[in-house]
Amino acid sequence: MPELKPFIMKEEKIPLIDCPFDYLFGEASGKVLNEYGRFPCQIQCAVYAFMLKGNARATFNITKYEFKENDLIYVKPGSFFLVHDFSEDARLSYIVFSSSFVEKSTYGMRRMSFPLPSSMPMVSLNPEQTDVVVHFSQTLEKALNTTPSMLSSERMAFIFNLIHQTFYELRSSTKEYFPQQDRKSEIFHEYSDLVLHHYHEWHQVLEYAEAMHITVPHLCSTIKSVSGHTAGDIIADAILMDAKSQLKVSNVPIKEIAAKLGFENVAFFNRFFKSHVGVTPRAYRNTDS
């Protein structure tokens, strides 16, 4: 493994899609973070963030979350991310690991196979845990700034896996996020996970109902009662999140985007997009917001 390219960033833009360095430390204000509210983007790097102050609302994949002070957040590579708003006083510290670094450093994850379902990207820390996280971040920054740096490639790979394991264990032990679920909630989470895995090929609720071995009416009524949204809306939200991201951050032809998202032709995609967004994919791509 080649030597890492460490970097500390203060009050600058966080990388939009991937990290140009193997890893990156930094802090950001609500003003900087609100720039992520212009359109959704699919994050390729791994992001661990800690809310030092303030609060925020953001969508991860197809679910909206509210974050507050002392929340520890994990953005899994491949996640769609959209900021709705950060409070003016918000401060967030973060460590970002590039997709290439994640790929070459996840030997520990492959052996231990930590499941990180899309349903919960955060955990609220108590005062003692918060103190540990803050001091841990400060220690990492000091180690990085030593001459020579104490953070070798091998050490940072172990730290990455340690952070990942610690997040999973903290979240698994937090009853706030894992209450006893009834059957309706289980169906909703199973459906949401299936949508995130198959929205680019399954556009009909029937396909999901068959995979879950339940009837379409039962699935639709359950999703509506748990989430307040229709089962079809959830599929559409996933498709639109991906479409908007590709339209804004890539130059991929609209015809190719349509094909990747499972549309038989670009005309069907154009009609679908305009019916939900109000403008055509081309018009959306050409707007500033």
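Residue indices begin at 1 and follow the sequence shown.
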Look at the aromatic rings of [X] and [Y] and report parallel, tilted or perpendicular, splitting at 30° and 60°.
X: F167; Y: Y48; answer: perpendicular
X: Y65; Y: F67; answer: tilted
X: F101; Y: Y23; answer: tilted

Side-chain donor-acceptor contact under 3.5 Å, S245 with D242: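 No, because no side-chain N or O of S245 sits under 3.5 Å from a partner of the opposite role on D242.
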Pair H197-D193, side-chain donor/acceptor within less than 3.5 Å: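 No, D193 and H197 have no side-chain donor paired with an acceptor closer than 3.5 Å.
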Can a donor-acceptor pair be found, under 3.5 Å and without considering hydrogens, that links the side chain of [X] to the backbone of [Y]?
X: N286; Y: A283; value: no
X: S221; Y: P217; value: yes
X: T280; Y: K274; value: no
X: R285; Y: L247; value: yes
X: S275; Y: R271; value: yes
X: E207; Y: H203; value: yes

Lys NZ or Arg CZ of K31 over F86 ring: under 6.0 Å, within 45°: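 Geometry flag: not set, cation outside 6.0 Å or 45°.
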Euclidean distance, Q165 CD relative to F158 CZ, rounded to 0.5 Å: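 Atom-to-atom, F158:CZ and Q165:CD are 12.0 Å apart.
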Check against side-chain hydrogen bond (donor to acceptor under 3.5 Å, both in side chains), T287 and K248: CA-CA 9 Å; T287 59; K248 286 296 188 181; 3.1 Å; yes
Criterion side-chain hydrogen bond (donor to acceptor under 3.5 Å, both in side chains) on D18 and S99, from CA distance to verdict: CA-CA 7 Å; D18 206 347; S99 59; 2.4 Å; yes
Minimum heavy-atom distance L170-V123, with the two atoms named: O-CG2, 4.0 Å
Distance flag, aromatic centroids of F263 and F272, threshold under 6.0 Å: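 Between F263 and F272, which both carry aromatic rings, the centre distance is below 6.0 Å.
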